[in-house]
Amino acid sequence: KNPDNPKNALVSRLLRQEFIDPYKIPRDELEDFRRQYLFRYEYPEWEAGDNKSTADMDSEEYKQDAWERLRRKKGHIMERWKGLYALKAPRKIKSQSKENDAE
């Protein structure tokens, strides 16, 4: 985790879950995407009659909800990034594959 800016680290982690390498994304595009996530995180879309509070902002459900709303709005950008900045699949270490063959 990034201790200086944990929400930026969260966005990078969520992008990796989507198989997008955040290090390959141009800085200006990534910063704009993070800003969009923070907007959805700080200003949730609640209905007028909801009695939700911001006390649970650190919950995983709250963070996931913000991510899903961003995904609905900016999904086309993420699809483009999946093609351009795909995260490489982790390679097997040779020693591990030899151990698996021995079993």
Side-chain angles (χ1 to χ4, degrees):
K1 285 191 165 187
N2 183 348
D4 295 332
N5 201 334
K7 290 187 179 95
N8 282 355
L10 175 66
V11 171
S12 293
R13 181 175 57 88
L14 292 169
L15 284 170
R16 284 186 198 98
Q17 288 176 355
E18 299 286 334
F19 301 104
I20 299 170
D21 189 350
Y23 291 110
K24 292 181 179 179
I25 300 172
R27 184 176 295 254
D28 62 330
E29 290 182 39
L30 184 58
E31 289 302 317
D32 183 56
F33 198 75
R34 286 178 173 157
R35 184 181 55 79
Q36 292 289 329
Y37 174 77
L38 287 174
F39 179 78
R40 280 155 183 78
Y41 183 83
E42 298 291 336
Y43 303 103
E45 297 173 353
W46 290 330
E47 297 296 324
D50 289 349
N51 290 326
K52 294 183 179 182
S53 69
T54 57
D56 61 345
M57 284 179 78
D58 288 331
S59 72
E60 284 300 315
E61 180 183 338
Y62 191 90
K63 293 173 186 175
Q64 194 63 34
D65 180 56
W67 181 252
E68 290 300 323
R69 288 186 286 119
L70 178 62
R71 206 178 193 181
R72 283 194 302 267
K73 184 76 172 179
K74 300 291 182 180
H76 62 285
I77 293 172
M78 292 174 63
E79 290 301 318
R80 182 174 56 91
W81 286 353
K82 283 181 185 180
L84 294 173
Y85 313 117
L87 190 64
K88 292 184 180 179
R91 295 182 294 179
K92 283 187 175 181
I93 300 173
K94 291 181 181 181
S95 63
Q96 286 180 347
S97 61
K98 288 180 183 178
E99 289 174 6
N100 291 339
D101 291 340
E103 293 176 357

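Not measured: the values here are computed from a predicted model. Just so it is clear, the values below take in all heavy atoms, side chains as well, and ignore hydrogens, waters and symmetry mates.
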Point to revise | Least distance between heavy atoms, Trp67 atom then Tyr37 atom | key: N-CE1, 3.8 Å

Point to revise | Glu31: partners by side-chain hydrogen bond (donor to acceptor under 3.5 Å, both in side chains), with sequence neighbours left out | key: Arg34

Review point. When the ring centroid of Tyr43 is compared with that of Phe39, is the distance short of 6.0 Å?
Key: yes

Practice item. Taking Arg69 for its side chain and Arg40 for its backbone only, find out whether a donor-acceptor pair lies under 3.5 Å. Key: yes

Practice item. Show your working on side chain to side chain contact (heavy atoms under 4.5 Å, CB included) between Lys74 and Glu79 and close with a plain yes or no. Key: CA-CA 9 Å; Lys74 300 291 182 180; Glu79 290 301 318; over 6 Å; no

**Study point:** Listed partners of Lys24 passing side-chain contact (heavy atoms from CB on, under 4.5 Å), at least two apart
**Key:** Asp21, Tyr85, Lys88

Review point. Can Ile25 be reached from Leu70 by stepping across I, L, V, M, F, W or Y side chains whose heavy atoms are under 4.5 Å apart?
Key: yes

**Study point:** Gln17 atom CD, over 12 foreign heavy atoms within 6.0 Å
**Key:** yes

Check your understanding: Which pair of non-hydrogen atoms, one from Leu30 and one from Pro22, has the smallest distance, and what is that distance?
Key -> CD2-O, 3.6 Å

Review point. Going by an N to O cut-off under 4.0 Å, is there a salt bridge joining Arg80 and Glu29?
Key: yes

Point to revise | Spacing of CD belonging to Glu68 relative to CG belonging to Leu14, to within rounding of 0.5 Å | key: 9.5 Å

Review point. Ignoring hydrogens and geometry, is there a side-chain-to-backbone donor-acceptor pair from Tyr62 to Tyr41 under 3.5 Å?
Key: yes

Point to revise | CG-CD1 distance between Asp32 and Ile77, expressed to the nearest 0.5 angstrom | key: 7.0 Å

